[in-house]
Amino acid sequence: MVTGPEPRLPRPLPGAVGLSHLSAYDWEAADGVCGGSPHLHLVCTEAYVVTGGRGAVQTLSPDGCRDIPLRPGAVAWFTPGTVHRMVQGGGLRVTVLMQNSGLPEAGDAVFTFPPEVLADPGRYAAAATLPPGAGPAAQAAARRRRDLAVEGFLALRETLAAGDAGPYRDFQRSAARLVRAEVPRWRELWRAGALAAAERTGAQLDALETGEPAYLGDATAYRAAPTRRGGLGMCGYRDEYALPGTTLPYDGLGEPAAGQGACPGRPPTGQTGGPGAGRPAS
């Protein structure tokens, strides 16, 4: 029961994390596996909290190749530089928690495209960018993007499994070069988000220590619901929230078409939401 006006939302989620929900793509790839576009993050740790269905996340890192099962209740997370690919096994549904919210949408996520694509920023951007909305044209572009990322991923996995980490290391360096010019903008997003949240805690500890916790007078509660459902993310169909300092919405509007993939599971029904700008993540 609400007894007063609902407060505005001047602050982000705890720790300025990003929050979204994913339903993994059921599109079959060249290796017979259904799922999303393999990629890495340069400065963000990402966590999956599995809420339904089954599947896996395939990872590439200096400690080798892994297939991590995903079942309801499981939590899997991976640090910057870890290549990850969400795999659909049947109705897989995941809540995603993302460190440094806003940075993945600003380009922190880099696809595992083949080396010749990564070496050309213009070619990379053309392959990574989707048309507005989530209609047939955007669906087809997202699937082409996924297939190109899987092509590079499979080559990286083959050499890493054979004991040669050179191509994987080269991919990491190429990804870092690709985003280097964006670092000043990312630094501002980080200062306004995760760093500001940590500094607020420091100020609160100072206030407690001095015996003047005036900030407690600002205590309140918030609530939010998804502002857009079924967007085309890197890993699957994505529900997102328009919250201060948290995950940015996608460009354009749209409603995803019903999936007709060869693998188990089906995408959620899409709903239109508010317009916004930003690059899709996860």
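Keep in mind that this is a model prediction, so the values were computed, not measured.
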Heavy-atom check, side chain of [X] versus side chain of [Y], under 4.5 Å:
X    : Y    : result
T220 : D218 : no
D206 : T210 : no
F171 : V83  : yes
L148 : P114 : yes
R54  : P69  : no
W77  : Q99  : no
L208 : P213 : yes
V110 : L118 : yes

Between atom [atom1] of [X] and atom [atom2] of [Y], what is the distance when rounded to the nearest 0.5 Å?
X    : Y    : atom1 : atom2 : answer
S23  : R229 : OG    : CZ    : 12.5 Å
D31  : L154 : CG    : CG    : 4.5 Å
L60  : F78  : CG    : CZ    : 12.0 Å
H39  : D108 : NE2   : CG    : 9.0 Å
Q172 : T112 : CD    : OG1   : 12.5 Å
Q204 : L216 : CD    : CG    : 8.0 Å

Would you say the side-chain atoms of [X] pair up with the backbone N or O of [Y], donor to acceptor, closer than 3.5 Å?
X    : Y    : result
R85  : Q58  : no
E182 : W186 : no
Y48  : A74  : no
T59  : H84  : no
T159 : L156 : yes
Q88  : C34  : no
R66  : V57  : no
R71  : V50  : no
H41  : T79  : no

For residues [X] and [Y], report the shortest heavy-atom separation together with the two atoms involved.
X    : Y    : value
A128 : R145 : O-NH1, 2.9 Å
P72  : G53  : CD-O, 3.1 Å
S37  : F111 : CB-CE2, 3.6 Å
P38  : G36  : CD-O, 3.5 Å
C44  : N100 : SG-CB, 3.7 Å
A127 : F113 : CB-CE1, 3.6 Å

Report yes or no: do [X] and [Y] belong to one cluster of Ile/Leu/Val/Met/Phe/Trp/Tyr joined by side chain heavy-atom distances under 4.5 Å?
X    : Y    : answer
L97  : V75  : yes
L13  : V49  : yes
V150 : Y124 : yes
W27  : L130 : yes

- Query: side chain to side chain donor-acceptor pair (under 3.5 Å) with D239: which of H21, R228, R93?
  - Reply: R93
- Item | Salt bridge R185-E188, side-chain N to carboxylate O under 4.0 Å |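 Judged by the 4.0 Å cut-off on N to carboxylate O distance, R185 and E188 do not form a salt bridge.
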- Carboxylate-amine/guanidinium contact D147 R144, below 4.0 Å: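 Salt bridge: no.
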- Name the orientation class of the two ring planes belonging to Y237 and Y25 (parallel below 30°, tilted from 30 to 60°, perpendicular beyond 60°).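 It falls in the perpendicular class, over 60°.
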Hey, is [atom1] on [X] packed in by over 12 heavy atoms from elsewhere, all under 6.0 Å?
X    : atom1 : result
E158 : CD    : no
E209 : CD    : no
R187 : CZ    : no

- side-chain contact (heavy atoms from CB on, under 4.5 Å) with S61: which residues, sequence neighbours excluded? D63, T82, Y168
- Task: With sequence neighbours excluded, tell me which residues meet side-chain contact (heavy atoms from CB on, under 4.5 Å) with D120.
- Result: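 D120: side-chain contact (heavy atoms from CB on, under 4.5 Å) contacts with R123.
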